[in-house]
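For reference, the structure discussed in these notes is given below.
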Amino acid sequence: MVGASRFSTFASALLGALVLGAPIATAHAQINYARYKPGTIAAVMQLHDSTIRADHVPNHPGLIVSGDDFPTVTRVVYRGDSRPLSPRRVDVVKEWGLTFRKDSTIVKNFHREYLFQEGKNLLWLPVQDTVASFFPRELHPGQAVTLYVVWFGAYYAGEDITWAFIVNEFTAEHGEKE
């Protein structure tokens, strides 16, 4: 019966990927879209900001990983810029992998972070390499896009918080610019 269950999961993921316009090549790796709730990255940040700052021990950088990944579907604007993955975000993603999967190799799926704008907030977000490979053909700067993100945690050393949200999937909104 395990085989039937795997087939059912794969079939559901494939159907969901086709309906949402996801790339076929990554459909088998997709997770349940139903768990992603409409919201904003800013709301997740606001929910945790004061706790992260209050729990900080002066002169000791803090690495926070979350057991609740707050799966969020949010509408943002793709700005078109990218850069290598921030070392702080690498640390958070590795620690999340070690803590919750007993394997830090998840970070090997991320090499770049991309600039998005949510409201007035500019956000650098790590994007899975397989997902980012579709950006050049499907996105252009200024284009509205729906992102499927999860929160892995944050790094805090007493100044700005380095948030570690990762992008698992996107849906391009063709014809719309903001």
Side-chain angles (χ1 to χ4, degrees), residues 2 5-6 9-10 12-13 16-17 22-37 39-74 76 78 81-116 118 121-136 147-170:
V2 172
S5 175
R6 282 192 186 146
T9 301
F10 175 75
S12 295
I24 298 290
T26 60
H28 70 279
Q30 297 306 313
I31 53 181
N32 181 0
Y33 286 110
R35 77 183 205 98
Y36 287 80
K37 303 300 178 205
T40 64
I41 294 168
V44 177
M45 291 167 47
Q46 184 178 8
L47 183 64
H48 295 92
D49 187 280
S50 60
T51 304
I52 290 170
R53 292 178 193 281
D55 291 345
H56 175 67
V57 176
N59 301 318
H60 295 286
L63 190 65
I64 298 96
V65 292
S66 176
D68 185 346
D69 59 5
F70 294 87
T72 303
V73 58
T74 186
V76 298
Y78 174 68
D81 296 323
S82 74
R83 64 186 186 192
L85 192 59
S86 150
R88 299 291 186 232
R89 287 191 185 90
V90 167
D91 292 343
V92 174
V93 172
K94 278 183 181 177
E95 187 62 31
W96 184 91
L98 281 171
T99 302
F100 297 104
R101 291 192 176 172
K102 307 297 185 235
D103 181 2
S104 66
T105 61
I106 186 173
V107 79
K108 291 181 181 181
N109 296 320
F110 301 88
H111 289 93
R112 300 196 67 77
E113 50 192 31
Y114 294 79
L115 186 61
F116 297 92
E118 182 185 68
N121 296 325
L122 291 174
L123 305 164
W124 287 100
L125 303 174
V127 179
Q128 288 184 36
D129 295 342
T130 54
V131 173
S133 71
F134 290 88
F135 283 10
L147 296 181
Y148 294 80
V149 300
V150 293
W151 181 55
F152 275 4
Y155 174 88
Y156 184 61
E159 293 182 16
D160 290 334
I161 296 173
T162 301
W163 299 95
F165 290 87
I166 63 163
V167 176
N168 288 318
E169 190 56 272
F170 75 97

Could you tell me whether a side-chain N or O of Asp129 sits under 3.5 Å from a main-chain N or O of His111, the two making a donor and an acceptor?
yes
Between Phe170 and Phe135, is the ring centroid distance below 6.0 Å?
yes
Any side chain to side chain donor-acceptor pair (under 3.5 Å) involving residues 84-95? Give me the pairs, sequence neighbours left out, ordered by first then second residue.
Arg89-Glu113, Glu95-Thr99
Among all residues two or more places apart in sequence or in another chain, which pass the side-chain contact (heavy atoms from CB on, under 4.5 Å) test with Asn109?
Ile106
Trp163 CH2 to Leu123 CG distance, which is reported to the nearest 0.5 Å
11.0 Å
For Arg101, look at atom CZ and say whether over 12 heavy atoms of other residues, nucleotides or ligands are found less than 6.0 Å away.
no
Are Asp103 and Lys108 ion-paired here, with the side-chain N under 4.0 Å from a carboxylate O?
no
At what distance, to the nearest 0.5 angstrom, does OH of Tyr78 lie from CG of Leu115?
9.5 Å
Testing Phe110, Phe152, Trp151 for ring-ring contact (aromatic ring centres under 6.0 Å, His included) with Trp96, which one passes?
Phe152
Here the pair of heavy atoms bringing Asn121 nearest to Ala42 is ND2-CB, 3.6 Å
Residues passing the side-chain contact (heavy atoms from CB on, under 4.5 Å) test with Ser82, sequence neighbours excluded, are Arg112, Tyr114
Can you check whether Gly97's main-chain N or O pairs, donor with acceptor, with Ser104's side chain at less than 3.5 Å?
no
To the nearest 0.5 Å, what is the distance between CG (Leu147) and OH (Tyr36)?
10.5 Å
